[in-house]
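Reading through the structure tokens given below for one structure.
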2 protein chains.
Amino acid sequence: MADTLQHLFSEHGLRCTKQRRAIYKALCGHCGHPTADELYQAVKSRVEGISLATVYNTLEALCCAGLAYKLSGCGGNGSTRYDAAGEDHLHLRCRKTGQVADAPDDLGRRILEHIPSELIDELQHRTGFTVSKIQLDLVGEFKPRKHDREPVA
Amino acid sequence: MADTLQHLFSEHGLRCTKQRRAIYKALCGHCGHPTADELYQAVKSRVEGISLATVYNTLEALCCAGLAYKLSGCGGNGSTRYDAAGEDHLHLRCRKTGQVADAPDDLGRRILEHIPSELIDELQHRTGFTVSKIQLDLVGEFKPRKHDREPVA
DNA sequence: GTACGTGCAAAATGTTTGCATCATT
DNA sequence: AATGATGCAAACATTTTGCACGTAC
């Protein structure tokens with residue numbers, strides 16, 4: 001797989017360093033949506049002396065190359081979260097806690113399937129914007145513990 | 001409308017101060033997705049002595065109440081952007097610049113209409129997550145100036 | 001009158017940058 | 001050999017917080 005990575009990186013004009021390999025693997029292997037610091041924690045035991053700045057730099061490079069995405073926003077503590085650029089998937093974002101979870105795969109896929117690609121095409125035509133990824137976030141709450149006073153419409 | 005705002009705020013358990021009114025109006029009236037500082041600039045001429053901290057506090061309160069949303073992420077310069085919680089709409093997010101634009105209203109609406117609500121319902125059932133807003137972001141680029149080397153699938 | 005909001009400034013993040021050194025190509 | 005990546009630490013920007021005072025309820 002190191003071989004594949006080598007290839008993948010050079011395809012996108014990126015040098016293949018052990019730091020980048022480790023960061024990219026950690027990003028792909030992570031079950032959630034790690035922050036830069038979480039990736040740093042994950043990687044620093046495997047790559048001696050790696051620095052947080054390198055993690056940021058690498059993530060920036062990966063995002064530029066289209067191999068990763070920033071999710072940020074999220075509202076929680078204010079740190080940006082990253083996502084390996086796999087297939088499109090669907091996030092559940094808790095407005096209160098900033099927590100981000102993935103929707104069950106099958107459901108996410110079924111929902112995304114319903115987005116008509118001809119409308120996306122029309123949009124690309126009309127706006128001159130090239131869509132490379134669809135990111136559907138459902139914003140809401142995980143535990144509606146009490147209804148408080150939210151008739152919310 | 002001040003009256004309506006009064007009402008709206010108290011519905012959500014928020015006190016109605018002139019600062020909050022001004023910030024909320026500026027947020028609704030803004031044609032893009034302002035940052036906290038942009039809102040501060042916009043209101044400080046109308047509300048004497050208002051402070052940036054109040055803008056942040058108010059935005060936090062509005063988000064908590066569900067009257068506004070954080071967009072952040074965006075990648076650009078790193079400041080969070082906010083969005084009045086109007087109807088769901090669709091953002092175009094440039095991966096390179098962090099720029100965020102709204103899709104043309106009609107297209108956005110048509111695309112969102114195609115998301116089957118029974119799937120959303122099923123998801124709410126299965127995950128215990130309460131969806132209050134659907135946010136669809138199309139990530140890509142505004143000016144595909146050159147194809148570089150992105151066969152991107 | 002009381003609880004909550006405000007303003008100010010300081011503190012706490014989170015992220016970026018400059019520069020010398022090192023590794024990949 | 002040359003270009004680009006790394007590590008470190010300092011610089012930067014953004015966001016949060018503590019406290020005294022003011023204001024909406």
Side-chain angles (χ1 to χ4, degrees), chain A residues 2-3 5-24 33-41 43-44 46-65 67-68 70-82 98 149, chain B residues 2-3 5-24 33-41 43-44 46-65 67-68 70-82 98 149:
Chain A
D3 204 37
L5 271 190
Q6 164 78 279
H7 224 108
L8 180 65
F9 282 178
S10 82
E11 290 263 321
H12 290 267
L14 301 174
R15 284 201 183 168
C16 187
T17 67
K18 59 176 182 292
Q19 291 89 341
R20 290 181 170 186
R21 273 191 300 266
I23 293 166
Y24 185 69
H33 301 285
T35 61
D37 195 68
E38 284 167 356
L39 286 171
Y40 174 58
Q41 299 305 330
V43 163
K44 81 174 172 193
R46 311 174 113 268
V47 181
E48 166 141 27
I50 193 172
S51 84
L52 181 55
T54 296
V55 175
Y56 276 106
N57 289 336
T58 296
L59 287 170
E60 175 66 22
L62 290 175
C63 287
C64 255
L67 294 174
K70 287 190 181 187
L71 300 183
S72 45
C74 308
N77 45 12
S79 38
T80 304
R81 296 189 165 278
Y82 294 85
R149 80 253 303 291
Chain B
D3 205 37
L5 270 190
Q6 165 77 281
H7 224 109
L8 180 66
F9 282 178
S10 80
E11 290 263 320
H12 290 268
L14 300 175
R15 285 199 181 170
C16 185
T17 67
K18 60 175 181 295
Q19 290 89 342
R20 289 181 172 188
R21 274 192 299 266
I23 293 166
Y24 185 69
H33 301 286
T35 60
D37 195 67
E38 283 166 356
L39 286 171
Y40 175 59
Q41 300 304 330
V43 289
K44 82 174 173 195
R46 311 174 114 269
V47 181
E48 164 140 29
I50 193 173
S51 84
L52 181 56
T54 296
V55 175
Y56 276 107
N57 288 336
T58 296
L59 287 170
E60 174 66 22
L62 291 174
C63 287
C64 254
L67 294 174
K70 286 190 179 185
L71 300 184
S72 46
C74 308
N77 45 12
S79 38
T80 305
R81 296 191 165 275
Y82 295 85
R149 80 250 307 287

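Each chain gets a letter, A, B and so on, in the order the sequences are listed, and its residues count up from 1. Note that these values count all heavy atoms, side chains included, but never hydrogens, waters or copies made by symmetry.
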State which of [options] makes the closest approach to the side chain of [X].
| X | options | result |
| --- | --- | --- |
| A:A53 | D:dT15, C:dT17, D:dG7 | C:dT17 |
| B:Y56 | C:dC8, D:dT16, D:dG7 | D:dT16 |
| A:T58 | D:dT6, C:dG7, C:dG5 | D:dT6 |
| A:T80 | C:dG7, D:dT15, C:dT15 | C:dT15 |

Grab the [atom1]-[atom2] distance between [X] and [N] for me, whole Å please.
| X | N | atom1 | atom2 | answer |
| --- | --- | --- | --- | --- |
| B:E48 | C:dC8 | CD | P | 10 Å |
| B:N57 | D:dT16 | CG | C1' | 8 Å |
| B:L62 | C:dG5 | CG | C1' | 13 Å |
| B:E38 | D:dT15 | CD | C1' | 16 Å |
| A:L39 | C:dT15 | CG | C1' | 15 Å |
| B:I50 | D:dT23 | CD1 | C1' | 14 Å |
| B:H12 | D:dC25 | NE2 | C1' | 18 Å |
| B:Y40 | D:dT16 | OH | C1' | 16 Å |

Compare side-chain N and O positions of B:R20 against OP1 and OP2 of D:dA24 and report whether any pair is under 4.0 Å apart. no
To the nearest 10 degrees, what angle separates the axes at the start and end of the helix from C:dG1-D:dC25 to C:dT25-D:dA1, five pairs each? 60°
Spell out protein contact along nucleotides 20-25 of chain C as letters: B when the base is contacted, S when just the sugar-phosphate is, - when no protein heavy atom is under 4.0 Å; keep the 5' to 3' order. ---BBS
At their closest point, which heavy atom of A:R21 faces which heavy atom of A:F9, and how far apart are they?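 Minimum heavy-atom contact is N-CE1, 4.0 Å.
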Once rounded to the nearest 0.5 Å, what's the spacing between atom [atom1] of [X] and atom [atom2] of [Y]?
| X | Y | atom1 | atom2 | result |
| --- | --- | --- | --- | --- |
| A:T35 | A:Q41 | OG1 | CD | 8.5 Å |
| A:L62 | A:Y82 | CG | OH | 10.0 Å |
| B:L39 | B:Y56 | CG | OH | 10.0 Å |

How about [X] and [Y]: do any of their side-chain heavy atoms sit closer than 4.5 Å?
| X | Y | answer |
| --- | --- | --- |
| A:L59 | A:T80 | no |
| A:V43 | A:V55 | no |
| A:I50 | A:I23 | yes |
| B:L14 | B:L67 | yes |

A:R81 backbone acceptor or donor facing A:H33 side chain under 3.5 Å: no
